[in-house]
Amino acid sequence: MSKRVRVRFAPSPTGGLHLGGVRTVLYNYLFARKHGGDFLVRIEDTDQTRYVAGAEEYIFNTLKWCGLEPDESVQHGGNFGPYRQSERKASYRQYAEQLVLAGQAYYAFDTPEELEKMRQDFKTTENPSPQYDHTIRLKMRNSLTLSAEETSQLLAAGTRHVIRIKMPENETVSFTDMIRGEVRFETGTVDDKVLLKADGMPTYHLAVVVDDKAMEISHAFRGEEWLPSAPVHILLWKYLFGIDQMPQWAHFPLILGPNGKLSKRDGAKYGFPVFAMNWTDPKTGELTEGFKEKGFLPEAFINLLALLGWNEGTEQEIYSLEELVEKFSMERVHSAGAKFDYEKAKWFNHEWIKQSGVGSLEPGVGNLLKENGLEVPSRETLRKVIELVKERCTLLTDFVQQSSFFFKTPETIDTAAVKPKWNEAKKLFFTELIRNYELATDWDAHTLENNFKEIAAVNELKPGELMLPFRIMLVGGKYGPGVFDIAALLGKAETLQRIETAMKLLQD
RNA sequence: GGCCCGUUCGUCUAAGGGCUAGGACACCACCCUUUCACGGUGGUGAUACGGGUUCGAAUCCCGUACGGGCUACCA
């Protein structure tokens, strides 16, 4: 038997990919890389009523942006296709029939109305949501209650039906979760899940087992919300392929929002992204903001996701993808859910911007400035600006505000910050500064600062009282890197121009 | 309601029987900086509760409470 590590991410293409989904991808990816195995993406599109145009494409774009490319998928090819469940439709029915034959599943002819009636009829205070289980199934219309003749007649007539698993009445099913250890269930408390739907498509329960087997998946990872249906999958493995063939399971803790499981609504409500990238619902046209567009670096996004539920046991917090591959281990994934903290997320991004080289920041920042109507004179200037302002940018989008004054004369000057202390002496100083700078042959920050301070000394003024006005003149407000660095980069003409313009404004 | 999972500062977490319960984010103060940041120093702040086991428990066991998930012909 093959021992090769093969893991899969199996999204349902019904909308944008959120935090938790990307983290599941990440942990799959890290595990595969760490063990020299394969990482594949399988599209779980068995519910045709939930088809959403563009969702599949979106998923792959997201993976690309994150740098988590699969080895095999609809887009990447591979020897275990098709990688889309709807294209595997033909392969599921035989397994369901096999189970019926073995007495481990049965045909059920109940209509949606009959099911609804059952739920109403058996609903009590103690049991608000009755399940189709061993206590109920003999009261329903299925091959257990119908005679063999009736059943085959109905089938022959093409009556709509599903195939349900027949959960044993009194067995204990247990398995070892890589994160939680042994988990056990009493089969009597689990309902008879539908395996094959009336349209001939499998439900998740059947498909996940059949496909994991077909694709030789060695380790199956998913969110904790799947834990309650695990006994169904365990039993299916046992019945269909043998328990020794079953992959090892790990159920990841949930990522929580302010009120339980994180939802895209939380994002809108609390003002932080939930999806990896912008997602526009094709039906409603509703836009859900993504981390990418919000100004996150993919490296930071990956980094913060990795630490949401896993840690190495050291005090390190900043990890590159390569480092994560090296250090990741499933044993150190937490079992408790983690509440998403947007403040910390931003901190990760800030750290990544600070430590990123100018070269890697340049394309993104360049585009961003262009999109915001700022003309960058040269790559050289752009690089210098990035170097100068990057440590005060938490999000990539902050570069716009932090550097616009390098490329455009400020539209508004915060004269209110200067005016109250503006006087004849200062006016004289700047007049003299203009004269001095006009004659300057060396236009570098150091020289500019020296000259500035000399003139201040001659006029018996404190440089500190002059630097703020100078900054306001060049930048328009109380922010930005060192003033002389700004002046140096702005060049002589533009610097002098801005001083003069501002001085006129201060006269009024 | 039933089933399952979980519970260390507000948040993410470290400490896999021996501690003044450590770090990070956020917050506060101070220093640096003649802007804003960066950086530095310090501070506030946690083992849900009750029983065991043990010389010793955040750590192991049981119960309670609380939180979360699931309870569809959705994944």
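Just so we're clear, the structure is a prediction, and the values are computed from it rather than from any experiment. To find a chain, count down the sequence lines: A is the first, B the second, and so on, and within it residues start at 1.
When heavy atoms are screened at a 4.0 angstrom cut-off, A:G309 is found touching the sugar-phosphate backbone but no base atom. Note on A:E44: only backbone sugar-phosphate atoms sit closer than 4.0 angstrom, heavy atoms only; bases stay farther off. Residue contacts shown for A:F348 are absent, as no nucleic acid heavy atom lies under 4.0 Å away. Among the heavy atoms of the strands lying under 4.0 Å from A:P481 is at least one base atom, whether or not backbone atoms are also near. Among the atoms of the strands shown, none is found under 4.0 Å from any heavy atom of A:D191. Using a 4.0 Å heavy-atom cutoff across all strands shown, A:V183 reaches sugar-phosphate atoms only and no base atom. Counting any heavy atom pair closer than 4.0 Å across all strands shown, A:S129 reaches a base atom. Within the nucleic acid shown, A:V162 comes within 4.0 Å of at least one base atom, counting heavy atoms only. A:A336 comes within 4.0 angstrom of sugar-phosphate atoms only, judged by non-hydrogen atoms across all strands, and of no base. If you check every strand for non-hydrogen atoms under 4.0 Å, A:K354 touches sugar and phosphate atoms only. Using a 4.0 Å heavy-atom criterion, one finds that A:T49 contacts no nucleic acid atom at all.
Straight-line distance from the NZ atom of A:K346 to the C1' atom of B:A24: 16 Å, rounded to whole Å. Atom-to-atom, CD1 of A:I353 to C1' of B:A37 comes out at 13 Å; the value is rounded to the nearest Å. Here the C1' atom of nucleotide B:G39 and the NE2 atom of A:H350 are 11 Å apart, to the nearest Å. In this structure, CZ of A:F185 is placed 17 Å from P of B:G2, rounded to the nearest angstrom. Look at CG on A:D211: it is 12 Å from P on B:A75, rounded to the nearest Å. Protein atom CG of A:N311 is 15 Å distant from nucleotide atom C1' of B:C25, rounded to whole Å. The CD-P distance, from A:E182 to B:C4, rounds to 13 Å in whole Å. One interatomic measurement links the two molecules: NZ of A:K339 to P of B:C25, which rounds to 20 Å at whole-angstrom precision.
For A:P228, the listed nucleotide lying nearest its side chain is B:C70; candidates were B:C70, B:U34, B:A75. Candidate nucleotides B:A37, B:C12, B:C73 were compared by shortest atom distance to the side chain of A:L308, and B:C12 ranks first. Out of B:G1, B:C38, B:C74, the shortest distance to the side chain of A:T203 is found at B:C74. Among B:C38, B:C70, B:A24, the nucleotide with an atom closest to any side-chain atom of A:E317 is B:A24. Among B:G69, B:C74, B:U71, the nucleotide with an atom closest to any side-chain atom of A:K193 is B:U71. Closest to the A:E225 side chain, of the nucleotides B:G1, B:C73, B:G69, is B:G69. Nearest to the side chain of A:S335, among B:U35, B:A26, B:G6, sits B:G6. Minimum atom distance to the side chain of A:S12 is reached by B:A75, of the listed B:A75, B:C25, B:C5. For A:K261, the side-chain atoms get nearest to B:G69 when compared with the rest of B:G69, B:C3, B:G1. Minimum atom distance to the side chain of A:T189 is reached by B:C3, of the listed B:C3, B:A15, B:C25.
Distances shown here put every side-chain N or O of A:R222 at or beyond 4.0 Å from the OP1 or OP2 atom of B:G69. Look at A:K123 and you won't find any side-chain N or O under 4.0 angstrom from OP1 or OP2 of B:G1. Residue A:R164 places at least one side-chain N or O under 4.0 Å from the OP1 or OP2 atom of B:C73. One finds no side-chain N or O of A:N127 lying less than 4.0 angstrom from the OP1 or OP2 phosphate oxygen of B:G2. In this model, the phosphate group of B:A14 is approached by a side-chain N or O of A:H334 to a distance below 4.0 Å at OP1 or OP2.
B:U64 and B:G1: their P atoms are spaced 14 Å apart (whole Å). Spacing between B:G51 and B:G45 at atom C1', rounded to whole Å, works out to 29 Å. Only the C1' atoms considered, B:A15 is 7 Å distant from B:G22, to the nearest whole Å. Using atom P as the reference point in both B:A21 and B:C25, the two lie 22 Å apart (nearest Å). Separation of the P atoms belonging to B:A37 and B:C28 is 11 Å when rounded to the nearest angstrom. Going from the C1' atom of B:C27 to that of B:G63 covers 38 Å, rounded to whole Å.
The pairing partner recorded for B:G39 is B:C31, the criterion being a Watson-Crick or G-U wobble arrangement whose two distances lie under 3.5 angstrom. Summarising the base pairing, B:U11 is matched to B:A24 through a Watson-Crick or G-U wobble pair whose two defining distances lie under 3.5 Å. Pair assignment for B:C19: none, as no Watson-Crick or G-U wobble contacts are both less than 3.5 Å. B:G50: Watson-Crick or G-U partner is B:C62, with both key distances under 3.5 Å. Using the Watson-Crick or G-U wobble rule with both distances under 3.5 Å, B:C3 pairs with B:G69.
Comment: A:K117 does not engage A:E114 in a salt bridge, judged by the lack of any side-chain N to carboxylate O separation of less than 4.0 angstrom.
Atom NZ of A:K384 is surrounded by 12 or fewer heavy atoms from other residues, nucleotides or ligands within 6.0 Å.
With RNA chain B read from its 5' end, the first of the two nearest nucleotides for A:P463 and A:R50 is the one closest to A:P463. Taking the nucleotide of RNA chain B with the nearest heavy atom to each of A:G260 and A:D47, the more 5' of the two is matched to A:G260.
Side-chain atoms of A:K344 and base atoms of B:A24 include a donor and an acceptor less than 3.5 Å apart. Judged by distance alone with a 3.5 Å cut-off, no donor-acceptor contact links the side chain of A:R180 to the base of B:C5.
Using modelled atom types, one finds no donor on one side chain facing an acceptor on the other under 3.5 Å when comparing A:T111 with A:E116. Side-chain contact check for A:H251 and A:R222: at least one donor-acceptor pair (N or O, by modelled atom type) lies under 3.5 Å. A:E182 and A:T176 share no donor-acceptor pair across their side chains, judged by distance under 3.5 Å alone. With 3.5 Å as the limit, one finds no donor-acceptor pair spanning the side chains of A:Q98 and A:Q104. A:Y319 and A:N311 share no side-chain donor-acceptor pair at under 3.5 Å. In this model, no donor atom of one side chain and acceptor atom of the other lie less than 3.5 Å apart for A:Y83 and A:D211.
Classified by interplanar angle (parallel below 30°, tilted 30° to 60°, perpendicular above 60°), the ring pair A:Y342/A:F296 is tilted.
For A:K426 and A:W422, the positive end is not near the middle of the six-membered ring at less than 6.0 Å and at most 45° from its axis.
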